[in-house]
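Since this is a predicted model, take the numbers as computed values, not measurements. As the structure lists them, so they are numbered: ligands from 1, and atoms in each ligand from 1. Values below: all heavy atoms of this structure, side chains included; hydrogens, waters and symmetry mates excluded.
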Amino acid sequence: MELTNEDFEMISRTVYDLCGILLDGNKKYLVEARLRPLMDDFACGTWNELYIKLRHGGSKKLREAVIDAITTHETLFFRDKTPFQALRYKALPELIDAKEGTKYPRRIRIWSMACSTGQEPYSIAMVLHEVLGDLTAWDIRILATDISSQSVNQASLGIYEELDLQRGMSEEYLRKYFTRVDSGWRVNDSIRALVHFEKRNILEPFTGLGLFDIVFCRNVAIYFPKEVQKDLFLRIKEVLWEESYLFTGSTEILTSFGPEFQPQHHCGTVFYRPLKTPAEV
Ligand SMILES: C[S@@+](CC[C@H](N)C(=O)[O-])C[C@H]1O[C@@H](n2cnc3c(N)ncnc32)[C@H](O)[C@@H]1O
């Protein structure tokens, strides 16, 4: 059955309400391709029925399946390389210095906000391991969140196929941080122990999370409209302190949102420091 413009309008508005993703008119093909397989699974004879069930049926399973299907989970270990070099050679050493003399000099809090299947937070954990060596003296927690329960479940397993590892993982790190298992390679416990996975919609308030030293919010804001992006980054600023770092995707440039974030150019990439007024510090 055909997805009419009216069906598309209603479904895309519902998707926006569920996860902030903006599907404009030329994404009709995407809705058809990604949501059509769910129609049988959830016994929907028409697109309108899918819409009604989604909006008014109260089925959590259907909402989750739609979010899983419509979101793009493309990711890889050490994606774009340079942000991870900047983390290793600039942000982390500076952060460690800045922490000296604070109340918790050996505590590091990192948030990978849209972690997909886990490659990003595990890459961060490997960099931390490389920089700090013996981690026993450190109190480290990487919070890794994503709106897609399927992605979060897969990420928590920490098991990757050969193909996933060919994209971004060096031989050296493979030997050091992974163990061969039947279905592929498993991230070693020393790395897994640093990462805590949670399902979370980043468009909802960040209550009770505390402050972070480093936030990775990469390749997710691009799917949101400009005003939602701005609100998201301003809320991120609230969970940073003056020595924190924010890493975004290469096309997610924050300067157009005003002076709230100061761009830092290092190792061939750009990352940001929050501009905190004395009253905010
Ligand atoms: C393209 S992946 C990016 C993964 C990783 N950050 C990277 O750069 O490789 C985008 C991820 O954002 C997640 N996502 C989309 N909307 C979200 C929302 N409102 N809250 C949390 N995660 C969201 C998707 O489920 C998907 O896994």
(request) Can you sort out which atoms of ligand 1 are near S148, meaning under 4.0 Å from one of its heavy atoms? (result) 25 (O)
(message) If I apply the N/O under 3.5 Å rule, does C19 come out as touching ligand 1?
(response) yes
(request) Please say whether I202 places an N or O atom under 3.5 Å from an N or O atom belonging to ligand 1. (result) yes
(request) Examine the side chains of E2 and T4 and answer whether a donor and an acceptor come within less than 3.5 Å of each other. (result) no
(message) Is F216 close enough to touch ligand 1? Criterion: a residue heavy atom under 4.0 Å from a ligand atom.
(response) no
(message) Given T117, D68, D146, T71, identify the one with the heavy atom nearest to atom 11 (C) of ligand 1.
(response) D146
(request) Please indicate whether any nitrogen or oxygen in T75 is less than 3.5 Å from any nitrogen or oxygen in ligand 1. (result) yes
(message) Considering both backbone and side-chain atoms of Y223, is one of its nitrogen or oxygen atoms within less than 3.5 Å of a nitrogen or oxygen in ligand 1?
(response) no
(request) State the atoms of ligand 1, each with its element, that fall below the 4.0 Å cut-off from a heavy-atom position in N219. (result) 1 (C), 2 (S), 3 (C), 7 (C), 8 (O), 10 (C)
(request) Please report which non-hydrogen protein atom sits nearest to atom 4 (C) of ligand 1, along with the residue it belongs to and the distance in Å to one decimal place. (result) A114 O, 3.3 Å
(request) Identify the heavy atoms of S149 and K199 that sit nearest to each other, and give their distance. (result) CB-CD, 3.8 Å
(message) As an exercise, state the distance from CZ of R63 to CG of D68, rounded to the nearest 0.5 Å.
(response) 13.0 Å
(request) Under 4.0 Å from a heavy atom of E120: give me the atoms of ligand 1 that qualify, with their elements. (result) 5 (C), 6 (N), 7 (C), 8 (O)
(message) Give me the residue, atom name and distance of the protein heavy atom closest to atom 7 (C) of ligand 1.
(response) R79 NH1, 3.2 Å
(request) Indicate whether the side chain of H73 and that of T71 have a donor and an acceptor atom separated by less than 3.5 Å. (result) yes
(message) What I want to know is whether I21 and ligand 1 share at least one N or O pair that is separated by under 3.5 angstrom.
(response) no
(request) Could you see which bit of F78 sits under 4.0 Å from ligand 1, with heavy atoms only: side chain, backbone, both or neither? (result) neither
(message) Is the shortest side-chain heavy-atom distance between I140 and L132 below 4.5 Å?
(response) yes
(request) Note the single closest protein heavy atom to atom 23 (C) of ligand 1, along with its residue, its atom name and the distance in Å. (result) I147 CG2, 3.4 Å
(request) For the residue pair Q264 and Y245, confirm or rule out a side-chain donor-acceptor distance under 3.5 Å. (result) no
(request) With atom 18 (C) of ligand 1 as the reference point, say which of L18, L203, T145, N201 has the nearest heavy atom. (result) N201
(request) For K176 and N188, test the side chains for any donor-to-acceptor distance below 3.5 angstrom and give the result as yes or no. (result) no
(message) Counting only heavy atoms, tell me which of T72, D80, I70 gets closest to atom 26 (C) of ligand 1.
(response) T72
(message) Is it the case that ligand 1 has an N or O less than 3.5 angstrom from some N or O of V220?
(response) no
(request) Salt-bridge test for E9 and K28: reply yes if a basic N is under 4.0 Å from a carboxylate O, no otherwise. (result) no
(message) Between E260 and K230, does any NZ, NE, NH1 or NH2 come within less than 4.0 Å of an OD or OE carboxylate oxygen?
(response) no
(request) In sequence, state the C-alpha distance, the side-chain angles, and the governing distance for R13 and D17, and then conclude on salt bridge (charged side-chain N to carboxylate O under 4.0 Å, His left out). (result) CA-CA 6 Å; R13 207 171 326 121; D17 292 343; over 6 Å; no
(request) Considering the heavy atoms of S116, write down every atom of ligand 1 situated less than 4.0 Å from one of them. (result) 4 (C), 27 (O)
(request) Indicate whether any N or O donor in one side chain lies under 3.5 Å from an N or O acceptor in the other, for E252 and Y272. (result) no
(request) For residues F42 and V66, determine if any side-chain heavy atom of one lies less than 4.5 Å from a side-chain heavy atom of the other. (result) no
(message) Heavy atom to atom 21 (C) of ligand 1, shortest distance: which of H73, E204, R200 holds it?
(response) R200
